[in-house]
Amino acid sequence: MLSCQLIMNALERIAPRRLAEDWDNPGLLVGSYAQKVERVLVALDVDDAVTAEAIERRADMIVAHHPAIFRGIKQLRTDLPLGRRLAALLTHNIAVAAAHTNLDVTHGGVNDVLAAQIGLEKLSSFVITSQEGGVTESIGRVGVLPAPTSIEDFARAVKERLCISHVRLASAAARPVRRVAVCGGAGADFIDNAVRLGADVYVTGDVKYHDAQRAVEQGMHIIDAGHFGTEVPVLPVLAEHLQAELASERGDIEIFVTNTQRDVFDVII
């Protein structure tokens, strides 16, 4: 077994907390740095299904992308979902950590994985968050496809490469696609940034009607591949990074990705 502290140290090397947005809540959220960890479950959310899975698979720790505790808690009621989950986690001595916007920004994190998954090359920064010592950090990435394609063909390719049931496409006429901006999760706030950077299409999730309308009016396509669909590809990569970072530590550790978590919008009728 390894200490939770060693797991957190590895997570810090993968996705430094300094990269997180000020409003975010990454880090160790449940448990103690001193507790022993032998089995780690990697997930997108700490929901009821993942909590039950962690208990069933005897995980000692969950490393999630979305923080299990996000805003201040004024009460801990076990008749409500959050309180019920926290009680179950504490009862089974399962620690919980999160790497959220820091995993979005870090190199090799959410957005690099998303860009690679949909076939982008020559990646560059999107929405810059910091520039220090010659190193630029950004939320999202901009890249190019190996060859121009139609927006319809690219939308189908995104759906297939992300292994999701559907995407939503807002098409800006017959503009071919070569330059692509991506932002995993909810990236509609950055539509104007993508337009200014000359993106032919912007791939993100959680796009509202008027946001998509604004993009199309400015001549840029939108592909909404869902919050879940644009972020879940990072999970096996995060598990691999953790395993590699901990390989030199003295102690056995097993790291595995959730097999129960599903997109809440996974059914089309």
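Numbering of residues begins at 1 and proceeds along the displayed sequence. Excluded from the calculations below are hydrogen atoms, water molecules and symmetry mates; all remaining heavy atoms, backbone and side chain alike, are included.
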Taking [X] first and then [Y], would you say they form a salt bridge - that is, a charged N and a carboxylate O separated by under 4.0 Å?
X      : Y      : value
Asp200 : Arg175 : yes
Arg156 : Asp153 : yes
Asp47  : Arg85  : no

So, the side chain of [X] versus the backbone of [Y]: is there a donor-acceptor pair under 3.5 Å, distance only?
X      : Y      : answer
Gln35  : Ser32  : yes
Gln117 : Arg161 : yes
Thr204 : Gly187 : yes

Can you tell me if Asp22 has over 12 outside heavy atoms packed within less than 6.0 Å of its CG?
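Check fails, neighbour count at 12 or below.
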Around Asn259, counting heavy atoms of other residues, nucleotides and ligands shown, do more than 12 lie under 6.0 Å from its CG?
yes
Applied to residues 206-256, the ring-ring contact (aromatic ring centres under 6.0 Å, His included) test, sequence neighbours excluded, yields His66-His227
Rounded at 0.5 Å granularity, tell me how far CG in Asp211 sits from OH in Tyr202.
10.0 Å
Rounded to the nearest 0.5 Å, what's the gap from CD1 on Ile223 to CD1 on Ile151? Could you check?
4.0 Å
Using the side chain to side chain contact (heavy atoms under 4.5 Å, CB included) rule, pick out the option among Asp224, Val110, Leu114 that qualifies with Thr230.
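For Thr230, the side chain to side chain contact (heavy atoms under 4.5 Å, CB included) test succeeds with only one of Asp224, Val110, Leu114, which is Leu114.
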Distance only, no hydrogens: is a donor on one side chain within 3.5 Å (strictly under) of an acceptor on the other, for [X] and [Y]?
X      : Y      : answer
Asn102 : Glu21  : no
Asp60  : His92  : no
Glu137 : Thr129 : no

Partner set under side chain to side chain contact (heavy atoms under 4.5 Å, CB included) for Gln5, not counting sequence neighbours:
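In terms of side chain to side chain contact (heavy atoms under 4.5 Å, CB included), with neighbours along the sequence ignored, Gln5 is linked to Ser3, Asn9, Tyr33.
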